[in-house]
Amino acid sequence: MGIKQDWDRDFDAARAALDWQVELGATEAICDAPVNCYDLPDRLPKAAPPAKPASAPPPPAAPPVADTADAVAQARALAEAAPDLDALRAAIAGFDGCELKLGARNLVFADGQREARVMIVGEAPGREEDRQGKPFVGEAGQLLDRMLDAIGMGREHPDPARAVYITNILPWRPPQNRDPSAQERAMFRPFVLRHIELVNPDLLVLMGRVSATTMLETAQGITSLRGNWCRFMDRPCLPMLHPAYLLRTPSAKREAWADLLSLQAKLRTLT
Ligand code: URA
């Protein structure tokens, strides 16, 4: 009995320690066996003698981005120079103005059909999106898929008239899923603008407060923006409640359903 209790306690402690590491983002083992750090110096190869100065200077590193305004200007130049979606993805991957890139596992660029009539812009990747490199694949994403399915649409739909294309304001996961900062949003906005230009959807859906306020450059709250069609980049645009909010506030699903029906009706008027 005593042994069993000890075992239970050890298990609980180990489990709590593991949960804590997962919470910090250490979600993958990288070696099969544990490594004793104290053994390492002896095992490491001897340091190589200093290299002789090379005759040709090394290629210049990318210029450091002095501040947000520089980073935004750099992002704008990179985005505008991207002739297609693959080039835009590469430009975002190469953009070093934002430190989120250093802590993320994968670039989350987009999912769905490039020919879709509807483009959805969300906020930022969470843990599951960061792991898979795809937007909206966690719990909120699964709800989004069910919402779209309810009006006969989906990211996998083979018919472009019923397909959606999904991206986010931020391509990198913010630590602990914190809100993207104003600087981070400003840096990635030019990439999203170019993304919309290149996909050229008939309709745009801004999913949640961060997406709507960043793209529309407004301080208005999402509860007053949602459900109200506006024009953005010369096409109808609908701000909606974020599915993560709907998971926390199931009573708001009624408004979300009204917005989905409004989206469906708008698509019909445009055909
Ligand atoms: N929430 C978002 O806004 N985007 C994602 O990709 C996942 C969750």
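In each ligand, atom 1 is the first atom listed, and ligand 1 is the first ligand listed. For the numbers below, each heavy atom of this structure counts, side chains included, while hydrogens, waters and symmetry mates do not. Computed from a predicted structure; not experimentally measured. Residue indices begin at 1 and follow the sequence shown.
Pairs passing the salt bridge (Lys or Arg N to Asp or Glu O under 4.0 Å) check and including a residue from residues 183-192, sequence neighbours excluded, read R178-E184, R189-E217.
For the atom pair R209 CZ and Y245 OH, the distance stands at 11.5 Å (nearest 0.5 Å). Rounded to the nearest 0.5 angstrom, L216 CG and R231 CZ are separated by 13.5 Å.
Using a heavy-atom distance under 4.0 Å as the criterion, the protein contacts of ligand 1 are G122, E123, A124, E129, P135, F136, N168, H242.
Closest approach of P239 and C237 over heavy atoms only: CD-O, 3.7 Å.
A donor-acceptor pair under 3.5 Å is formed between the side chain of E129 and the backbone N or O of G126.
Of the charged side-chain nitrogens involved, at least one lies within less than 4.0 Å of a carboxylate oxygen, so that D86 and R114 count as a salt-bridged pair.
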